[in-house]
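Data first, discussion second: the structure below is written as structure tokens.
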Amino acid sequence: MPELGGVSGVSTAMKNIAVLFVTLTQIFNRPLLIQATSNSSEFTRTLNELTTDYDTRLRPAFGDKPLDVGITMHIDSLGPISEVDMSFRVDFAFRQYWKDERLTFNETWENITLSHEFLQKIWLPDTYFPDSLKAVKHNVMVPNILLRLSPDGHILYSARVTVVGMCPMDLTFFPMDEQICSLMIECYGYTTRDLVLSWEKSYGSPVEVSANINIAQFTIGPTILKEYSLAFSTGNFSHLEVQFALRRDILFFVIQCYIPATLIVILSWVSFFVNRNAVPARASLAITTVLTMITLIGTSNSSLPKVSDVKALDVYLGMCFLYVFGALVEFSAICYFNKPRYLPQPPPPPPLPIVNPLEALDRDSPVDMIVMTDLGNHMHRKPFLRKHTNGETPTSSCNSPLMPRPLEQGAGGRTKGHESTETLVSRLDKYSRLFFPVTFFILMVVYWVTYLRILHSSIYTKEQNQIQSS
């Protein structure tokens, strides 16, 4: 019994110690909880006081100098870029900075980050994107908005926006072209007497492009920033513009268009080395290369807008098509000159009268007679020679001018016309083997030198050099 009493006393003492520890902890933490609750209540009371007499219909400093609104952007993604629609897509954080003296509060406090619901209680700039085809604010999972209020009344309003903007393109030098896609920012209702937009440079570069952006077929160059005002019938409005310089990567088109077109042209030259009498082989080769070039030209233009501009790719493919078509024309000329030729034959002579040989002997006529001999059941007609009384040499009806003349024979049993035709055909193939490759490679060198020189003197390079020098 004494042992049990001692154990119960120890447990009671431990319980009392635990209760005392909890009580002391609550006593020491109570001021912190009271202070946090007090701060929250004071902030709520301050915000309510700021918006009590606040008029959202009037801009800050109404009736005074124009309000300066600073703009910065952080580009999260750029692309895709469509040549068919002449548009581009950009996803960015759009930040606006301005000062509203009606929202100043106790300077001992730090900046306050507020919910997007507070936007309904304050004035906001009426900025928009005039050249946009589509603009969307992101609301997943909640509206992607940052609102920060400083004690001196400075406001930071940031929103994540996706804009599909217009990008007029000059495709004259496609695929060695460089495009400038612009995103414009403008005030819709406030003129320059009330509001002025400017690029905010207090926090570094006004437009930052993410290093992880990778656009198919394009390389991003330097961004170009502009500030100006536009005059309309309703007044002058502040205008900002950011230009993205984009250089197209030509490697894809070299592999998909330039190299196949060049190989097709070279393949068409094989027909110059095929025997001219192998007509099926040369015909199939020439026609196949022409049809392949037509297909390649149609495929290369399928992803481009239907414009009247003659593109650099069209110039090269057109040149290749002319050479392939020229090989087909050369084959047609070979077939024309290589066909057999004969001298024109006179019409057949009229049938000679059949007379009795004995009666023909009694006639004193120099004309040769035809003697009919009976060979079985068939009649055979042969010339009958007789000695003329005037001592002339007997003639045969085979020498009559009514019989066709044989072709004049040349050396080796060939006719003279056939020999000249063979010479012409051989020379035509021989000259084609030299003319087509030499002229094609000369034109190809001229093509690349001309367009690469234009490429180095483009807008992209000028702007990049200007930025580096500044």
Inset, instruction - Kindly say whether Thr51 contributes a backbone atom to a donor-acceptor pair with the side chain of Asp53 at under 3.5 angstrom? - result: no
Legend entry - Gap separating the CD1 atom of Ile297 from the CG atom of Leu313, nearest 0.5 angstrom: 9.0 Å
Legend entry - Sequence-distant partners of Lys137, side chain to side chain donor-acceptor pair (under 3.5 Å), two or more places apart: Tyr157
Inset, instruction - Taking all non-hydrogen atoms of both residues into account, name the closest pair between Thr127 and Leu197 and its distance. - result: CG2-CD2, 3.8 Å
Inset, instruction - Supply the atom-to-atom distance Ile155 CD1 to Leu149 CG, rounded to the nearest 0.5 angstrom. - result: 6.0 Å
Legend entry - Results of side chain to side chain contact (heavy atoms under 4.5 Å, CB included) for Val136 - residues two or more places apart only: Lys134
Inset, instruction - May I ask you to check whether Ser115 and Glu117 show a side-chain donor-acceptor distance below 3.5 Å? - result: no
Inset, instruction - Determine the minimum heavy-atom distance between Met293 and Leu317, stating which atoms define it. - result: CE-O, 3.6 Å
Inset, instruction - With the side chain counted from C-beta on, respond yes when Trp123 and Leu103 share a heavy-atom pair under 4.5 Å apart, and no when they do not. - result: no
Legend entry - More than 12 heavy atoms from other groups under 6.0 Å of OH on Tyr188: no
Inset, instruction - For the pair Ser268 (side chain) and Val324 (backbone), establish whether a donor and an acceptor sit closer than 3.5 Å, ignoring hydrogens and angles. - result: no
Inset, instruction - List for me each residue that meets salt bridge (charged side-chain N to carboxylate O under 4.0 Å, His left out) alongside Asp429, sequence neighbours excluded, and say none if there are none. - result: Arg282
Inset, instruction - Check Leu58 against Arg102 and note the closest heavy-atom contact, atom names and distance. - result: O-NH2, 3.0 Å
Legend entry - Asp177-Thr172 side chain donor-acceptor pair, cut-off 3.5 Å: no
Legend entry - Pairs meeting criterion ring-ring contact (aromatic ring centres under 6.0 Å, His included) with involvement of residues 241-268, two or more places apart: Phe174-Phe253, Tyr258-Tyr316, Tyr258-Trp448
Legend entry - Nearest atoms (heavy-atom pairs only) where Ala159 meets Ile145: CB-CG1, 4.2 Å
Legend entry - Check: Ser182 main-chain N/O paired with Glu241 side-chain donor or acceptor under 3.5 Å: no
Inset, instruction - Would you name the heavy atoms of Leu434 and Val438 that are closest together and state the gap between them? - result: O-CG2, 3.2 Å
Legend entry - Min side-chain heavy-atom separation Ile220-Leu246 under 4.5 Å: yes
Inset, instruction - Give, for atom NE2 of His116 and atom CG of Leu146, the distance between the pair rounded to the nearest 0.5 Å. - result: 12.5 Å
Inset, instruction - Any chance you could measure Ile75, atom CD1, to Thr223, atom OG1, to the nearest 0.5 Å? - result: 8.5 Å
Legend entry - Tyr54 OH: over 12 foreign heavy atoms closer than 6.0 Å: yes
Legend entry - Test item: Gln179 side-chain N/O and Asp170 main-chain N/O as donor-acceptor pair under 3.5 Å: yes
Inset, instruction - Decide if atom CD of Glu227 counts as having more than 12 heavy atoms of other residues, nucleotides or ligands within a radius under 6.0 Å. - result: yes
Inset, instruction - Give every residue pair that meets the side-chain hydrogen bond (donor to acceptor under 3.5 Å, both in side chains) criterion with at least one member in residues 63-74, sequence neighbours excluded. - result: Asp68-Ser198, His74-Asp76
Legend entry - Within 6.0 angstrom of Asp309 CG, more than 12 heavy atoms from elsewhere: yes
Inset, instruction - Name all residues meeting the salt bridge (charged side-chain N to carboxylate O under 4.0 Å, His left out) criterion together with Arg57; count only those two or more places apart in sequence or in a different chain, and write none if there are none. - result: Asp55
Inset, instruction - For Phe440, check ring pair (Phe, Tyr, Trp, His ring centres under 6.0 Å) against everything at least two apart and list the hits. - result: Trp269, Tyr323
Inset, instruction - Kindly write out the residues that satisfy side chain to side chain donor-acceptor pair (under 3.5 Å) with Asn301, not counting sequence neighbours, or none if the list is empty. - result: none
Inset, instruction - Check whether more than 12 heavy atoms from other residues, nucleotides or ligands sit under 6.0 Å from atom CZ of Phe118, and answer yes or no. - result: yes
Inset, instruction - Apply side chain to side chain donor-acceptor pair (under 3.5 Å) to Ser150 and list each qualifying residue two or more places apart in sequence or on a separate chain. - result: Asn111
Inset, instruction - Of all the heavy-atom pairs spanning Pro206 and Leu225, show the shortest one and how long it is. - result: CG-CD1, 3.8 Å
Inset, instruction - Please name all residues satisfying salt bridge (charged side-chain N to carboxylate O under 4.0 Å, His left out) with Arg59, sequence neighbours left out, ordered by chain then number. - result: Asp194
Inset, instruction - Please confirm whether the backbone N or O of Gly189 pairs with a side-chain atom of Asp126, one donor and one acceptor, at under 3.5 Å? - result: yes
Legend entry - Plane angle bin for Tyr447 and Tyr451 - parallel if under 30°, tilted between 30 and 60°, otherwise perpendicular: tilted
Legend entry - Min side-chain heavy-atom separation Leu47-Leu114 under 4.5 Å: yes
Inset, instruction - Please answer whether the main-chain N or O of Phe272 pairs with a side-chain N or O of Arg433 as donor and acceptor at a distance below 3.5 Å. - result: yes
Inset, instruction - Report the residues that fulfil salt bridge (charged side-chain N to carboxylate O under 4.0 Å, His left out) with Lys99, sequence neighbours left out, ordered by chain and then residue number. - result: none
Legend entry - Listed partners of Cys181 passing disulfide (SG to SG under 2.5 Å), at least two apart: Cys167
Inset, instruction - Answer yes or no: are there more than 12 heavy-atom neighbours, outside Phe435 itself, under 6.0 Å from its atom CZ? - result: no
